[in-house]
Amino acid sequence: MSFLQISWIIVQILIGYHLVLPFILYLIYKIKGKSKRFSERGFQGSRENDYAIIVTAYEQTTLLPAVVDSILKLNYANYLIYIVADKCDISNLHFENEKVILLKPETVLASNTRSHFFAIANFKRKHDVLTIIDSDNIVDPNYLKEINVFFDLGFEAVQGTRAAKNLNSTYACLDAARDIYYHFYDGEILFELGSSATLAGSGMAFKVDLYKECLGELDISGAGFDKVLQAQILKKDKRIAFAKEAIVYDEKTVQSEQLINQRSRWINTWFKYFGYGFDIIYKALKNFSVNQFLFGLILLRPPLFMFILSAVLFGFANLFISQEYSIVWLIALVVFVISFYISLKNYPTDKRIYRSLINIPKFIYFQLVSLMYARSANNRSVATKHNGNSGV
């Protein structure tokens, strides 16, 4: 076998395993069984941690009253809300509740972490935990109660579930389907197998000291602070818990321009930070750490559309090179489709999401457009613009 043939096979394996890995992890998860310690709904914890709820806004304030109103309805008492209104007109923002602290930086921060540390510098008291909420989110009343269970169990970092706030377009439905897939495999299953949930940008909480320790010396601009944060946590071999019932409702993209700008930032972030996976796998081999090893594998995975398209192209190319390999690619794609369906069946998935799946090729097309803009993504937009019309 020639060097080119061996290289061709190796490249296909490096892409192809991403198609079947979720199903393999799912089978292990089913064989292992769900951990009673993390699934038992009766356990509510014994300590009410003091939470700083940080809500970051950039340029837009339209949705802030709604998110604050949802937070004030939490079935939890020990918290303060810190709104960081970066480059915002706050003249029309008035919050009478003493739990709400409105902060307006004198200079433009244009960075999630700078906004978070601006809030930390203005804490009214020494909080135990900080939780990060986007300005377009709506918080479930039991969010903090569910998050708190895991801190009471000794975890220092927790990711909740980001559910769709709106399903009023095909893009929103497909975006929601993607979130369900990631929450199931990169959240619930990874955590149950002894690894960590990946961070999703909001609906996540950390011990204040851990957050400061991980990011205090770093100045992160552009998208992707959650990728840096999760890598810093995993380098310490700490686990990020997944709180399935801690739900925040996230505004989904409804227009193609929103989708392209958002995805171009995300793709840029993957290229920028996927190399953390190699570092974490190396540490896993040194530490014999399942937590680090599984998480490192996940970090190396390209965005869904990239490895799905690659699989199709490899399968087609092999029709002219080795038809047996084309059959293998077809089987791998079928396994991936089954895995995707399993994730949707394991969550309360709206029928509109199922109906939207026929439009996946169109969704992939716009992500290919996003790939073209990925290099200049952070110059095109800093944050996704929402119009506030999110009828479900």
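The figures here come from the full heavy-atom set of this structure, side chains too, leaving out hydrogens, waters and symmetry mates.
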Fill in: Aromatic Tyr276 / basic Lys235 pairing, under 6.0 angstrom, 45° off normal
no
Fill in: Lys104 NZ to Lys87 NZ distance, which is reported to the nearest 0.5 Å
10.0 Å
Item to complete: Hey, could you give me each pair passing salt bridge (charged side-chain N to carboxylate O under 4.0 Å, His left out) that has a residue in residues 120-135? Not counting sequence neighbours.
Response: Arg47-Asp128, Asp50-Arg125, Asp134-Arg162
Discussion item. I want to know whether Phe336 and Tyr181 have ring centres closer than 6.0 Å.
Written reply: yes
Worksheet item: Among side-chain atoms of Glu188 and Asn346, is any donor-acceptor pair under 3.5 angstrom?
Response: no
Practice prompt. Check whether the ring centres of Tyr143 and Tyr51 lie less than 6.0 Å apart, and answer yes or no.
Written response: no
Item to complete: Given ring pair (Phe, Tyr, Trp, His ring centres under 6.0 Å), test Phe191 with Tyr29 step by step and report yes or no.
Response: CA-CA 10 Å; Phe191 180 54; Tyr29 163 78; over 10 Å; no
Worksheet item: Given Phe206 and His116, is the ring pair (Phe, Tyr, Trp, His ring centres under 6.0 Å) satisfied, shown in steps?
Response: CA-CA 12 Å; Phe206 313 92; His116 300 158; 8.9 Å; no
Worksheet item: Can you check whether Phe184 and Phe340 have ring centres sitting under 6.0 Å from each other?
Response: no
Discussion item. Could you tell me if the side chain of Ile353 sits less than 4.5 Å from the side chain of Leu167, heavy atoms only?
Written reply: yes
Worksheet item: Could Lys99 and Tyr79 be counted as a cation-pi pair, given that NZ or CZ must be under 6.0 Å from the ring centre and within 45° of the axis?
Response: yes
Worksheet item: Trp8 and Phe314: aromatic ring centres closer than 6.0 Å?
Response: yes
